[in-house]
Each structure stands twice: as C-alpha cells, then as structure tokens.
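See below for the structure under consideration.
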Amino acid sequence: MSKWIDISQRLDNNMVVWPGDTPFSYKVSWGMEESGSVNVGEIRMSAHTGTHIDAPFHFDNDGKRVIDLDINLYIGPATVIHLPISRSIRVEDFQGYNIEGTTRLLIYTGVWKDRSVFPDSIPHIDPGVAAYLAEQGVQLIGLDLPSVDPIESKELTAHHELTSHGLHILEGLVLDNIAPGAYELAALPLPLVEGDGSPVRAVLRKKE
Ligand SMILES: N[C@@H](CC(=O)c1ccccc1NC=O)C(=O)O
Ligand SMILES: [Zn+2]
Ligand SMILES: [Zn+2]
C-alpha cells in the first residue's frame, strides 16, 4: 500500500487568508501553569481558511450547511489532472483527459506559487464547465486555488453553477508534487451544524 500524502495547507498564525477575513490564530489560552495540568488551545479562524470545503450556505441563504453534506463525497477514488494555465478553465481544457466516471476531480493549476501572498488574480471556472463535468459524473471538484470564481467576483457564478449541477467544492489544495493520475482522496469536513464551510485535512494515496 502506498502512503497517504498530505495535500493540505498548514495552519499557522502567519498564513494568508482571504483579504479582509478573520486571520488564523492558535494560542494556548489556558496554560500548564494556570490549569495545573494541561495546555488548552484556542483556535480562531474563518471557515474559508487554507484547504477547505464550501457549503452552499456560503453563497445562498437557503443553501445546505456543512452538516447536511454527504460525507461519502469527500472520501474515495479521485483523479488528478494538470491544467497549468492562468486564464479561465474552460470545457475545451478537459478534452484529451478521460474523466468519464470520475466522481472526484482534482485540478492542479500551479498558479498560486508564493503561498505567503494571497493571489490577486486566479483562473476561475468558466460557465459551462459545471454542466460538462456533471455529465461526466463528477460530484466533487477540488483546486489548488482559494476560489472557483475570480477573487473580485460578487456574483460567484461558478460557485452557484457547480452547486446547481450537484458538484461539491474543495479549495486551497496543495498539489505541487502530485503527478496526474488515479488516487484515493480523504478530505472530510468537520461536523459543523451551521457551517458555511469547513477546514479539511486533505490527503491522497496513489492507487496501486
Ligand atoms: N468564495 C471564497 C471566499 C470568499 O468569497 C470570501 C471569504 C471571506 C471573506 C470574504 C469573501 N468574499 C467576499 O466577497 C471561498 O469560497 O472560499
Ligand atoms: Zn471557501
Ligand atoms: Zn469557494
């Protein structure tokens, strides 16, 4: 059996987050000295920090919360493809890949090179891609980018289109050292009852 590979961003107090969003912070709020026995940490973060999933409630007041999402989509066979492009991701870009029957599709763009700076422009998912991928059987799309829409977008067209075609969104992956191919994925959200998103520990294992 090959080993599990971590494809998650590390969570530390210096990491970059969406412009204007809650900075990530971990601190020991109840230390050994005070408690007499243990260190107890406190985490403060946005649900859209680092490697995370979106729940439809993020962009739709009537949308599903994290607890309502089917956990089966976040574990299982996944295909990694490389689309090293800085323009938008279009239906044509998937020609030449056999993704038919792929439930979980992870896309490496390699565009977000310097992780110490939040990108001011990213390739977004073009209209039409959601319908095409849904037709191929894709139910989860993951990218090495902080969003599937342009950073400045307020309409979040791709988020809405993907969701209306039954595709679940996984963002902020680290796919730098991952060759294209067939893998197993695990990227489970936390059981956040009201969550609009959730951090995940995303891992991949090469299929034998
Ligand atoms: N759509 C992005 C997050 C996002 O749009 C956002 C995150 C935190 C604070 C503001 C945001 N968007 C504001 O227009 C995401 O899916 O993670
Ligand atoms: Zn998000
Ligand atoms: Zn998103």
Side-chain angles (χ1 to χ4, degrees), residues 7-25 43-71 73-74 78 83 86 88-90 104-109 111-112 114-131 133-134 138-175 185-202:
I7 53 164
S8 321
Q9 292 180 49
R10 296 166 71 126
L11 300 172
D12 72 47
N13 291 355
N14 301 316
M15 73 184 296
V16 295
V17 298
W18 195 275
D21 205 358
T22 311
F24 177 85
S25 114
I43 301 163
R44 185 170 148 85
M45 67 191 293
S46 156
H48 302 270
T49 303
T51 308
H52 71 277
I53 61 103
D54 289 347
F57 176 60
H58 177 46
F59 40 88
D60 175 359
N61 279 333
D62 300 322
K64 284 186 177 178
R65 311 288 183 120
V66 175
I67 203 75
D68 303 320
L69 301 172
D70 182 0
I71 53 171
L73 291 174
Y74 301 96
L83 295 180
S86 47
S88 63
I89 295 169
R90 307 170 188 156
R104 301 167 196 81
L105 180 66
L106 307 183
I107 303 171
Y108 162 89
T109 68
V111 167
W112 189 5
D114 181 359
R115 299 264 173 176
S116 69
V117 184
F118 199 87
D120 45 27
S121 133
I122 54 168
H124 63 271
I125 303 283
D126 250 10
V129 168
L133 293 180
V138 179
Q139 294 180 64
L140 175 101
I141 181 169
L143 293 110
D144 58 354
L145 300 168
S147 184
V148 291
D149 274 296
I151 303 291
E152 65 284 0
S153 170
K154 293 291 175 207
E155 295 79 23
L156 300 185
T157 311
H159 281 85
H160 285 282
E161 276 202 7
L162 289 165
T163 301
S164 67
H165 286 90
L167 277 97
H168 294 65
I169 302 169
L170 170 58
E171 296 167 326
L173 293 168
V174 180
L175 298 170
L185 168 77
L188 284 168
L190 302 175
L192 294 167
V193 172
E194 293 185 71
D196 63 301
S198 172
V200 297
R201 184 74 181 263

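Residues take their numbers from the sequence shown, with the count starting at 1. Atoms within each ligand, like the ligands themselves, are counted from 1 in listed order.
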* Asked: Any sub-3.5 Å donor-acceptor pair from Thr49's side-chain atoms to Ser46's backbone N or O?
  -> yes
What does the contact table look like for ligand 1 (nitrogen or oxygen on each side, cut-off under 3.5 Å)?
| from | atom 1 | to | atom 2 | distance (Å) |
| --- | --- | --- | --- | --- |
| ligand 1 | 1 (N) | His58 | NE2 | 3.1 |
| ligand 1 | 12 (N) | Trp18 | NE1 | 3.4 |
| ligand 1 | 14 (O) | Lys154 | NZ | 2.7 |
| ligand 1 | 16 (O) | Asp54 | OD1 | 3.3 |
| ligand 1 | 16 (O) | Asp54 | OD2 | 3.0 |
| ligand 1 | 16 (O) | His58 | NE2 | 3.4 |
| ligand 1 | 16 (O) | His159 | NE2 | 3.1 |
| ligand 1 | 16 (O) | Glu171 | OE1 | 2.8 |
| ligand 1 | 16 (O) | Glu171 | OE2 | 3.3 |
| ligand 1 | 17 (O) | His48 | ND1 | 3.2 |
| ligand 1 | 17 (O) | His52 | NE2 | 3.1 |
| ligand 1 | 17 (O) | Glu171 | OE1 | 3.2 |

* Take the Zn ion (ligand 3) and tell me which protein N, O or S atoms are nearer than 2.8 Å. => Asp54 OD2, His159 NE2, Glu171 OE1, Glu171 OE2
* Side chain Thr51, main chain Val200, donor-acceptor under 3.5 Å -> no
* Has Asp114 got more than 12 heavy atoms of other residues, nucleotides or ligands less than 6.0 Å from its CG? -> yes
* **Backbone of Ala158 reached by a side-chain donor or acceptor of Asp149 within 3.5 Å** => yes
* Asked: So do Val193 and Arg65 actually touch side chain to side chain, heavy atoms under 4.5 Å?
  -> no
* Asked: Counting N and O atoms only, with roles assigned by atom type, does the side chain of His168 sit under 3.5 Å from a partner on the main chain of Gln139, one being a donor and the other an acceptor?
  -> yes
* **His48 and Pro146, any side-chain heavy atoms less than 4.5 Å apart** => no
* For the side chain of Arg104 and the backbone of Ala78, is there at least one donor-acceptor N/O pair under 3.5 Å apart? -> no
* Pick out which of Leu143, Asp54, Ile53 makes a side-chain contact (heavy atoms from CB on, under 4.5 Å) with Glu171. => Asp54
